[in-house]
Amino acid sequence: MSITRHRLFYPGVLLLVLLVSNVFFTPTFFNLRMQDGHLYGSLIDIVRNGAPLLIVAVGMTFVIATGGIDLSVGAVMAISGAVATHHIAGLSNQDSTAGVLTAVGMALGFCLLLGLWNGILVAVVGIQPIIATLILMVAGRGVAQWITDGQIITVNSPAYKLIGGGYKLALPFAIFLAIAVLVFAAVISRRSALGMLIESVGGNAEASRLAGIRSRGLILLAYVFSGFCAGLAGLMISSNVSSADANNTGLFYELDAILAVVIGGTALIGGRYFLVGTLVGALTIQTLTTTILTIGINPNATLLFKAFVVFVMCLIQSPAFRAKVFRRRQRPASPPAAPASKEQHVRVPA
Amino acid sequence: MFKKASLVAFASAAALLLAGCGDDSDDTASPGSSSAAGGGGGGSSEQITLGFAQVGAESGWRTANTDSIKKSAEEAGIELQFSDAQQKQENQIRAIRSFIQQKVDVIAFSPVIESGWDAVLNEAKRANIPVILTDRAVDSEDTSLYKTFLGSDFVLEGQKAGEWLKEEYADEAGPVNIVELQGTTGAAPAIDRQQGFADAIAGESKFKMIASQTGDFTRAGGKQVMEAFLQAHKDIDVLYAHNDDMGLGAIEAIEAAGLTPGEDIKIITVDAVKDGMQALADGKINFIVECNPLLGPQLMDAVKKVVAGEEIPPRIETEETTFTQEQAKAALPTRQY
């Protein structure tokens with residue numbers, strides 16, 4: 001009973017069900033083997049492809065916790081990849097570590113500024129978050145296209161490739177990055193009062209301000225962090241295929257990120273947030289995508305299938321829905337049970 | 001007081017500006033709809049204005065296509081209003097509506113997907129603006145909605161891919177397990193390339209299509225889908241990708257699985273963009289069916305004819321070929337895109 005009450009119980013069960021259901025279609029789904037010095041298998045693919053989503057979702061978690069939303073993450077990802085590959089493509093030696101680090105630094109620095117822009121619009125100018133970040137969502141792709149000149153920039157740089165497509169210690173490097181971001185976010189917000197302050201701002205910004213919390217600065221910080229996370233994820237996706245595609249990198253990523261946060265139990269109205277929940281949410285979404293591909297669902301029905309699974313997830317997570325279904329089951333169960341026992345009592349002597 | 005005065009000044013300036021815009025559009029409407037609002041300094045009343053709504057820049061192919069259109073418009077002295085829809089139909093519809101409002105002489109566009117164009121094309125028809133489809137078709141029943149469809153025969157491209165495969169495996173008993181990376185679901189090239197390929201290999205039962213999923217014409221999509229294919233199927237012989245970029249992404253997935261692209265898994269793609277041709281010359285791809293993006297000159301030609309009131313055929317095909325690894329090595333140095 002206490003396990004089922006845990007807020008991560010249902011999301012966790014859903015993730016497990018999704019993973020296990022793959023075994024029926026692909027018996028070797030959980031198999032892992034060494035391949036060219038790194039682990040290879042579906043689970044590794046899921047974690048590696050899910051890493052950028054997790055990072056974006058962690059940033060999004062804080063923004064949502066302050067009662068806001070960041071629609072611009074997809075566009076910021078595109079810009080980040082564009083800035084980095086544009087710089088690397090201009091290097092005489094594309095594989096030079098210094099050059100790649102400069103490119104990564106430039107991209108992340110620019111994304112911090114973009115996050116700051118969002119934060120200023122929301123916290124200082126006071127624009128509704130959904131509108132404020134919509135500006136960058138639309139304009140950002142234009143910026144990315146302007147940087148890449150509308151072309152797909154292809155680079156040939158093993159050093160850059162490491163970020164999203166390389167391996168360290170037999171595991172994808174992207175996993176380490178994702179874990180680092182998650183642990184950093186958890187430690188800095190939960191080992192200090194920062195997390196509580198953010199939740200308080202999300203609960204009621206005005207009351208928090210009156211209580212002496214600098215709401216404005218905290219909201220600003222959340223958007224800056226979200227911009228950084230999106231930038232890092234953009235680098236991973238661009239590095240995974242050694243190219244930057246201004247049009248498609250991070251397209252609709254904001255929706256997946258928001259979904260991951262919500263599946264993890266953080267409410268869109270702000271307030272309490274759950275980083276481990278976001279982890280489960282991000283893994284669930286990536287598992288769903290991989291499941292669709294491994295099972296071989298007809299591409300025409302893919303979106304419908306995805307929508308159906310998300311719908312079921314939301315239903316199961318809704319306490320109101322669960323209460324209704326379980327009560328209905330219990331009510332008919334208990335009244336007939338009593339008459340049945342009475343009948344038995346009657347029958348036994350007869 | 002001062003504040004009020006400046007406000008009034010601002011308002012009247014704004015009103016003037018607005019009126020100016022209104023006058024402009026009236027001008028274009030009255031003397032025969034071809035005076036092209038703000039004709040870029042050229043100022044000739046004969047200049048044709050072409051509104052072009054591009055799909056986006058999803059691949060090197062599309063970029064070459066865009067460049068060809070821009071360049072040949074300049075050469076032909078046609079003023080080009082260019083709009084990039086970023087793969088979204090609603091953006092493209094919006095762009096076409098704005099072309100109608102701007103009263104351009106001809107509208108040309110590459111539909112993002114096949115369906116859902118009747119309403120906006122009817123608006124163009126009512127405004128008496130001829131429409132030319134480039135490179136992708138629409139599924140409208142009413143063919144009077146557009147003048148011509150200029151572009152590749154995607155079904156034929158798929159057939160060419162299938163024919164090569166049949167020849168390649170002519171002496172082998174099979175079974176030959178094929179996986180397919182489809183383009184964007186619902187897009188004409190994806191539907192037709194799938195069908196043409198399926199038709200070509202239908203006669204021989206040794207060819208088995210064991211998996212087919214969409215990679216959205218992107219490298220990242222192609223890589224992720226191929227990763228899943230490789231996990232789910234241990235015996236893939238052939239990969240057929242609807243464009244080079246998905247094929248290039250898939251090559252990375254195949255290499256990560258410890259297999260050799262081009263040998264362990266034979267790869268057929270469509271398009272022949274530079275990166276794809278390079279991979280073909282390097283032996284990582286086995287066969288590429290060309291899909292020629294340089295249709296700018298043919299488009300400008302058709303635009304001029306339509307404006308002049310000449311009859312043009314309802315279907316104009318672009319010239320296309322195929323490449324083997326040897327041909328790619330020869331063609332690569334002079335490849336434009």
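Proteins get letters first, then strands, A, B, ... in listed order; numbering begins at 1 in each.
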Heavy-atom neighbours of [X] [atom1] exceed 12 at 6.0 Å:
X: A:Phe30; atom1: CZ; value: yes
X: B:Lys284; atom1: NZ; value: no
X: A:His87; atom1: NE2; value: yes
X: A:Ile130; atom1: CD1; value: no
X: B:Asp282; atom1: CG; value: yes

Side-chain heavy-atom pair A:Gln286, B:Gln224 within 4.5 angstrom cut-off
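SC-SC contact between A:Gln286 and B:Gln224 confirmed.
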Check each atom of [X] against the heavy atoms of chain B and say whether the ones under 4.5 Å are side chain, backbone, both or neither.
X: A:Leu303; value: neither
X: A:Asn49; value: side chain
X: A:Thr28; value: side chain
X: A:Thr289; value: side chain

Regarding A:Thr154 and B:Asp275, is there a side-chain donor-to-acceptor distance under 3.5 Å anywhere?
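Yes.
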How many angstroms lie between atom [atom1] of [X] and atom [atom2] of [Y], to the nearest 0.5 angstrom?
X: A:Ser243; Y: B:Glu252; atom1: OG; atom2: CD; result: 7.5 Å
X: A:Thr294; Y: B:Leu230; atom1: OG1; atom2: CG; result: 11.5 Å
X: B:Thr218; Y: A:Ile237; atom1: OG1; atom2: CD1; result: 10.0 Å
X: A:Thr249; Y: B:Arg219; atom1: OG1; atom2: CZ; result: 11.0 Å
X: A:Asn298; Y: B:Gln182; atom1: CG; atom2: CD; result: 7.5 Å
X: B:Gln231; Y: A:Asp45; atom1: CD; atom2: CG; result: 5.0 Å

side-chain contact (heavy atoms from CB on, under 4.5 Å), that's the test. Do A:Ile152 and B:Asp245 meet it? Break it down for me.
CA-CA 10 Å; A:Ile152 296 179; B:Asp245 282 311; 4.1 Å; yes
Check [X] against [Y] and note the closest heavy-atom contact, atom names and distance.
X: A:Pro299; Y: B:Gln213; answer: CG-CA, 3.9 Å
X: B:Ala232; Y: A:Thr26; answer: CA-CG2, 3.7 Å
X: A:Asp36; Y: B:Gly258; answer: OD2-CA, 4.0 Å

Chain A heavy atoms under 4.5 Å from [X]: which part of the residue, side chain, backbone, both or neither?
X: B:Glu255; result: backbone
X: B:Thr66; result: neither
X: B:Thr185; result: side chain

Highest number of heavy-atom pairs under 4.5 Å with chain A among B:Gly249, B:Gly186, B:Ala257 belongs to B:Ala257
For the interface with chain B, which of A:Gly296, A:Ser42, A:Pro27 has the highest count of heavy-atom pairs at distances below 4.5 Å?
A:Ser42
Is a side-chain N or O of B:Lys223 found less than 3.5 angstrom from the main chain of A:Asn240, in a donor-acceptor match?
yes
Is B:Gln86 reaching over with its side chain to a backbone N or O of A:Gly142, donor-acceptor style, under 3.5 angstrom?
no
For side-chain contact (heavy atoms from CB on, under 4.5 Å), just list the numbers for B:Lys88 and A:Leu251, CA-CA rounded to whole Å, side-chain angles, deciding distance to a tenth of an Å, and then say yes or no.
CA-CA 11 Å; B:Lys88 290 196 200 86; A:Leu251 199 60; 4.3 Å; yes
